[in-house]
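What you see below is based on every heavy atom in this structure, not just the backbone, and it leaves out hydrogens, waters and symmetry mates. All values reported here derive from a predicted model rather than from experimental measurement. Positions are given from 1 along the sequence.
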Amino acid sequence: MIIFVYNADSGKLNAAFDIAHKLISPSTYNCQLCEMTYGVLNERDSWKTFRESVSDELVFLHRDEFEKQYDQKFDYPVVLRKEGEVLKVLLSNKAINEMGNTDRLIERLQDELK
């Protein structure tokens, strides 16, 4: 199982704030994973195509949902691999923030999932 944890909290109000932030000040938006997988309102086409092509189970959580479910904290955003009960960092916050675009994220994940 691959777990993607966004640097954002769940809920409609938080989603509205995130959308506004992406529109008003995209350069200061604090979740590169959100930015690379979603535009302002919709999932990016290239990401959706990749996501649908992966045979591994993919789980997407906001940080509050992740921390409640797993009782752990990381520097977010982060991509984790769950092996049994162990969570291993697949892509760190630093790695995600340095990628810069959806295509690079997909390339790195394809390499990691081989």
Side-chain angles (χ1 to χ4, degrees):
M1 173 188 311
I2 307 299
I3 304 170
F4 296 79
V5 186
Y6 294 109
N7 190 26
D9 288 328
S10 62
K12 291 181 182 181
L13 185 58
N14 288 316
F17 283 130
D18 285 344
I19 290 168
H21 195 163
K22 283 182 178 182
L23 288 170
I24 295 167
S25 185
S27 65
T28 63
Y29 188 66
N30 63 355
C31 186
Q32 280 298 105
L33 185 58
C34 296
E35 185 65 30
M36 289 188 285
T37 59
Y38 279 82
V40 175
L41 296 174
N42 297 313
E43 187 173 20
R44 295 188 185 281
D45 290 337
S46 60
W47 175 252
K48 183 177 180 181
T49 299
F50 166 75
R51 182 181 53 74
E52 290 174 345
S53 74
V54 173
S55 60
D56 291 77
E57 179 183 1
L58 306 180
V59 174
F60 299 87
L61 298 171
H62 295 91
R63 67 180 164 226
D64 62 321
E65 296 166 323
F66 172 79
E67 290 174 2
K68 182 178 180 182
Q69 185 171 343
Y70 290 96
D71 196 29
Q72 294 188 43
K73 292 185 180 187
F74 289 86
D75 288 330
Y76 305 110
V78 66
V79 179
L80 305 163
R81 180 185 296 274
K82 184 176 180 192
E83 297 175 352
E85 295 303 312
V86 177
L87 296 175
K88 296 181 180 181
V89 175
L90 198 60
L91 295 175
S92 69
N93 168 282
K94 182 179 180 193
I96 292 168
N97 289 336
E98 290 174 352
M99 284 178 197
N101 65 57
T102 307
D103 292 337
R104 184 69 187 122
L105 173 63
I106 291 169
E107 288 171 14
R108 283 288 305 274
L109 287 166
Q110 286 172 330
D111 289 345
E112 295 290 340
L113 296 175
K114 287 183 180 177

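Closest heavy-atom contact between Ser46 and Asp103: OG-OD1, 4.3 Å. Nearest heavy-atom pair, Trp47 versus Met36, reported as atom, atom and distance to 0.1 Å: CB-O, 4.5 Å.
Under the rule for a side-chain contact (heavy atoms from CB on, under 4.5 Å), the partners of Asp75 that lie at least two apart in sequence or sit in another chain are Asn93. The side-chain contact (heavy atoms from CB on, under 4.5 Å) search around Glu107 returns Arg104, not counting sequence neighbours. When the side chain to side chain donor-acceptor pair (under 3.5 Å) test is applied to Thr102, no partner is found at least two apart in sequence or on another chain. Remark: Arg108 engages no residue in a side chain to side chain donor-acceptor pair (under 3.5 Å) (not counting sequence neighbours). With sequence neighbours left out, Tyr6 forms a ring pair (Phe, Tyr, Trp, His ring centres under 6.0 Å) with no residue at all. Looking at residues two or more places apart in sequence or on another chain, you find a side-chain contact (heavy atoms from CB on, under 4.5 Å) between Gln110 and Phe50, Ile106.
Residue Leu61 holds its CG atom at 13.0 Å from CZ of Arg63, rounded to the nearest 0.5 Å. Atom-to-atom distance recorded for His62:NE2 and Glu67:CD is 13.0 Å, nearest 0.5 angstrom. The line from OH of Tyr70 to CD1 of Ile3 is 3.5 Å long, rounded to the nearest 0.5 Å.
Screening residues 49-59 for side-chain hydrogen bond (donor to acceptor under 3.5 Å, both in side chains), with sequence neighbours left out, gives Glu43-Arg51.
Considering only heavy atoms from C-beta on, Leu80 comes within 4.5 Å of Phe74 through its side chain.
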Name the atoms and distances for all side-chain donor-acceptor pairs under 3.5 Å in residues 82-92, with sequence neighbours left out.
residue	atom	partner	partner atom	Å
Glu83	OE1	Lys88	NZ	3.0
Ser92	OG	Lys94	N	3.4
Ser92	OG	Ala95	N	3.1

Begin from the C-alpha positions of Gln72 and Phe66 and carry the test side-chain contact (heavy atoms from CB on, under 4.5 Å) through to its verdict.
-> CA-CA 8 Å; Gln72 294 188 43; Phe66 172 79; 4.3 Å; yes
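The residue from Asn97, Val78, Leu105, Asn7 that alone fulfils the side-chain contact (heavy atoms from CB on, under 4.5 Å) condition with Leu33 is Leu105.
Under a cut-off of 6.0 angstrom, the local environment of CG in Asp111 is crowded, with over 12 non-hydrogen atoms contributed by other residues, nucleotides or ligands.
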